[in-house]
Structures are given as structure tokens and as C-alpha cells.
Amino acid sequence: MTAETTVVKANNLRFQWSPKEPEILHIAELHIGRGEHIFIKGPSGSGKTTLLNLLGGILQPSSGQITLLDQPVSQFSGAKRDKFRADHIGVIFQMFNLVPYLSVVENVLLPCRFSKRRRKRAMHRGRLEQEARHLLARLGLQDEILQRRQVTQLSQGQQQRVAAARALIGRPEILLADEPTSSLDIDVRIKFLDLMFSEADAAGTTVIFVSHDNLLQEKFSRVIALNELNQAARHRQPEWG
Amino acid sequence: MRVPMPLLSPLSSTSQTLLVLVWKSLANRKATAGLTIFSIALSVALLLSVERLRHQARESFANTISGTDLIVGARSGQLQLLLYSVFRIGNATNNITWRSYQDIANHKAVAWSVPISLGDSHKGFRVMGTTPGFFQHYRYGRKQPLKLAKGKVFEDLFDTVIGATVARKLGYRIGDKIIIAHGLGQIGITKHEQLPFKISGILKPTGTPVDKTVIVSLRAIEAIHADWKYGTRLPGAGTPADELRKRPLTPRAVTAVLLGLKSKLQVFRMQRAINNYRAEPLLAILPGVALQELWDLMGTAEAALLMITWFVVIAAITGMLAMILASLNERRREMAILRANGARPSHIVALMTMEAGLLALMGAIAGTLFHYLLTLLAQPLIEAEFGLTFPLTALSAYELKLLAIIVLSGCLAGLYPAYRAYRYTLSDGMMVRT
């Protein structure tokens, strides 16, 4: 594997909120290749969200290094990390992903407002709005009326698909997904994953998916059990597990 | 409802993005945002109106009498002379003899002189004896002359011209007969009832004490006191009106004199000359200077009113702060979403500050419109009631400065919720689980 095909590299990564508090995360090594669909599983409290915040550049590791797209992100200043996230990372949460006072299309275009790079990449087919509608249609939201509806009137499944369109607009290299399917019905989950994967593949985006829902893991190219990866967890008190 | 703000153009800058976000977020909270803007608007309208009223009142006060260069009376204090000669408040301690008046009136620097004689009243309104020159030379405001609303200036000895307030309060019309009381009290005083006066004219409102004055001729004052000596009526005497009309009725004394000089340059020299007059102790004052001194005395009340108004503004901005802080907790997720989609902590700070600034700005604009609406509605009323004119003029530089101060303090107030939001942003990261 050449450097170019490695998207995420983490070495000796440690995180704790303060020196007095117990270590939450300790990962000796993590490599994720380009275009992989990674499933990171673990029970709640195993440090999944912390790992996503570290990869997203919101949190700084206490020690160790994170390299994203061959850039030493963990050595960047806060503003530079913010810019990197805006340019290269799409994010989906568990639920309530959308800004309630923006329209469906405006929600999808949000990353293009903060990143010039993603705006440019989203405009390769013409107008921004057109790209947003195109992505929504690919994710099964082609209805014109639906696109004009208030986001709060959409179903959970529809909201998550809007969030997926938003995470993928402007073809970011990395997609961080924090249990995006846990609020959906079982039959909808598989369909959502399929749509998300096909769009991510079309954009060349690496998917890092965090969940405790083991039913989904066979859809992924690689499964990482955070319990095994995170050495900090082994030393923790049982009630914290 | 559609929000009347266009979608962002693809090339818009981040600050424009933030402004649109603020706008849409506020539009999403129409009720609370609207009430906040309304309360700021009310305070701004109050502030502007009080400021204008204050300004107008001061100006109108300073121009209670204009075009008169000197006021002359018996020697007393500057304020006392001003109060009784112009405001009809209090009494003269002494009179000016007719001879002294003649001396002053014939001085070579004097262009015109109007003697006035006070001391009688009608149903609580002061009666002033003067010459027809009063109507010609008395000016108020921006050198506006007195104007008659109805009728004409007195011709007969027992004619009277009354001020607008007298006419309105007592319901008088042209041709009505009135009786003048001796002295200034209301109860148990003697009246000049054998010699009633006929109202020949009613003046337009001026906003000056002239409105509350019953004006008769100087000779008429002499006539009604013809049968009086040492402050009481001589028993049995009762000279008929027609008999009085034939007499010369030269006054023995007057209360004060309004003077116009040929040249403004002579004002101080003339003032000194009168103050050094040998035959009797006199005092000459410059009305503008005396009015300023009087206004300064009343300045505390004015300052208090202004302070109260500023407190109302502060209350409105505090209300806005409370509204934003209350909304903050439920908007933590919104901030996390924005952050996950590329917003920096500084963008979140800007968002909150802009929200406060925008609310204050809209409040200031709405308040200015309120103020103009209020002025438009109250204008005729205030003009009729107080004689104050309220022109609908554009905002002055000073008023714009006041508005800028309000909007700026709104932005500054927004820094506090901005700081709170910033703290949330740092601790929540991009994942808030709710």
C-alpha cells in the first residue's frame, strides 16, 4: 500500500480529558485505506465518539499522531484543523442532523458555505442547487415537493438521507458516521447503507462508520472492534465499561 | 411562511452565510424575536421622542421672547424680572415711573419700546396692560409675530385681546363681556364690575405665556383704577365709562418695558446706562441670557427624564439578552451541526453577536419608524395644546449617534451569549447526543 492510498493513519494515539482523569482512548496503530468501508463496533462508553471527534479534528490527542490524507492533522492549529474538516470530511450523526430553519436543499449545501474546495467540487456539473437535488434524487429523495418541505416535517429515514447527501456533497475524502442508522427501522437501515455506499463509492469517499449494531457489520469491508483496539479500555474499572 | 431573503449566491462569503443563518434562525423564532424587536423599538421610539421633545421644549423656551433686546424693570433680580415680565409668575417689587419710561423710550439708541403693566387678573389669568406696539414688536420662536385667530386688536378703551388658552379654557368668543378683578387672587377680591371689557380679538396659540394672558390697553388699566386710591376703591365714586373714554388716562407708572434697539451693538451700553439711571433704581436684562439661566435651573428634571429613558433602553437590551440566553440551550445541537459541517468556533461567536446586533438594528429601525408615526399623530395635538412645533425632519447626526450607540450596545450584549455558545461548542464538539 503506498502512502497515497492510506487515508487514515494513527500512531500511539492517547486521549484523556485531563491528566487527573482516566485515559479514555489508547490506540497503538490504526490504518484505513482509500475507499474502505470501515465498521467500528463497540458498546457505548468504549470511546467511539471520542475516536470520531479525534479523527474529525474537534479533539486533540493527549499524545500520538493522526495523519489524514498524508497531512499531520494532529499538529495543526485549531483553525487549520477546522478548515481541513470543512474541506475533506463529511459527518452524519445518529439523529437530528438537520438545521431546523433551513430548507432541505440549504441543509445539503451547508458544507459548501464553509468550504471553498467542496463548493468548487460540487459545482462540477453546474449550479450548486442542481448538484444538491441530484444527490438527493440518488438517495431516493427525488420528489420536488419533498425537497421544498420543512426539514422538521420529514421522517427520520428521510432526514438521515438528507444528512447523507450533505455529508457527501463536494466529494469529501472521508465520511464519519456516528450510528446514523440507529433511529431507523431495520428494513430501512440496509437500504440506507446501500444508498450511502454507492454514493460514497461514486465520490471516492472512505466510510468510517461507528455503531453497536452488529447486524450491519457484514455490509462492510472491514470490522474493527474498538474494545480490542482500545488498550485504555482494558485498564478501566468494570462499571465504566 | 417564506422568509424574504434570497438563497445565497454560490460566490457569497462566509460572513454573508452567517448573516443568512442568523436571519433564518430568527425567522424561525418569529414570536420571541418579534417581541424582542418590539420592546427595543418601543424604547428607541421613547428615547427619540423624549430627545426631540426636550430639544423642542428647550428651543421654544429659549425663544419664549425673541426680537426684544432688553427688558427693563424696577431693580430686583434678573430671574425675578424675567419671571414676572415674561412668564407672569410672581410680582414686581416696584414699578417704573412714567417719567423714567419716557426717558428710556426717547433714548437715541431705542428703536421701539413697549411698556407693560401687570397686577390685575381675570379668573386666574393675568391681565396685562400694554400699547398696540406689543402686537407689533413682541416676537417668539424664530421671530414669529403674534397672530390673531379671530377678531382684531383693541380699538375701544374697554376692548381686550385674549390668549388662546384663555379663550379655550373659559370658552370665550368675540364680543363676550368679561370683568377684571383687582389683584391676583381668586376668592374674596374686589372686581372692576362697573367696567366690563368686550373681547375684540383672540390670539393664535404661541406656546408662550401670552396664551394665558388677557391683554388690554395701558389706558384701560388707568381707567379701571381711576376711582381707586391707596389700593381700595373710593366709596361712592363710580365714574361712568363714557366719561373715562374722554380722559387722557396717562399712566403714573408701568411694571416693565420691552425694548428694541436700533443696533445690537448697543445692547450692553444701553443695559449699563439703564442700570446706572439716576432718578430711580432700574434693572435691564438680556432676555436670552436670563432664559438660559432659568432653563439651567430646571435642567435636573430634564436630565432625570432622559436618564429614565435610557433605563428603558437598557431594560429592552437586557430583555433581548435573556431571550438569546434562553434559546441557547436548545440550540446546542444546531451549533454542533454547524461545527460538524465546517463552522469554526469563531463563526459560532460571530453568529450570536450578529444575532444580537441584528435584533438591535431592527429594533432601532422599527423604533425610528414608531417615533415618526407617533410624531405624525401627536403633532396637531401638541401644536394646539402647547404651541410646540414638531416638524418631521430627518434624523440629526446626534440622533443617528444615539441609534448607533444602541445597536453597538446590542452587539456588545451579544458577546455574552456568544461566549457561552463558544464554551458549549468546545465541550460538545460535533457530537451532541440528545
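Letters go in sequence order (proteins before strands), and every chain restarts at 1.
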*Could you tell me the separation between the CG atom of A/L98 and the CD atom of B/E334, rounded to the nearest 0.5 Å?*
12.0 Å
*What distance separates B/I337 CD1 from A/N107 CG, expressed to the nearest 0.5 Å?*
7.5 Å
*Evaluation steps, side-chain contact (heavy atoms from CB on, under 4.5 Å), between A/Y101 and B/R29*: CA-CA 9 Å; A/Y101 50 82; B/R29 288 173 281 145; over 6 Å; no
*State, to 0.1 Å, how close B/A340 and A/V91 come at their nearest heavy-atom pair, and which atoms those are.*
O-CG2, 3.7 Å
_I need the minimum non-hydrogen distance between A/A86 and B/G342, along with the two atoms involved._
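A/A86 and B/G342 have their closest heavy atoms at CB-CA, 3.6 Å.
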Is any side-chain heavy atom of [X] closer than 4.5 Å to a side-chain heavy atom of [Y]?
X	Y	answer
B/N341	A/R118	no
A/L102	B/L21	yes
B/R344	A/F114	no

_B/L338 and A/V99: CA distance, side-chain angles, deciding distance, side-chain contact (heavy atoms from CB on, under 4.5 Å) verdict_ = CA-CA 8 Å; B/L338 292 175; A/V99 180; 4.3 Å; yes
*Main-chain N/O of A/D82 paired to B/R339 side chain as donor or acceptor, under 3.5 Å*: no
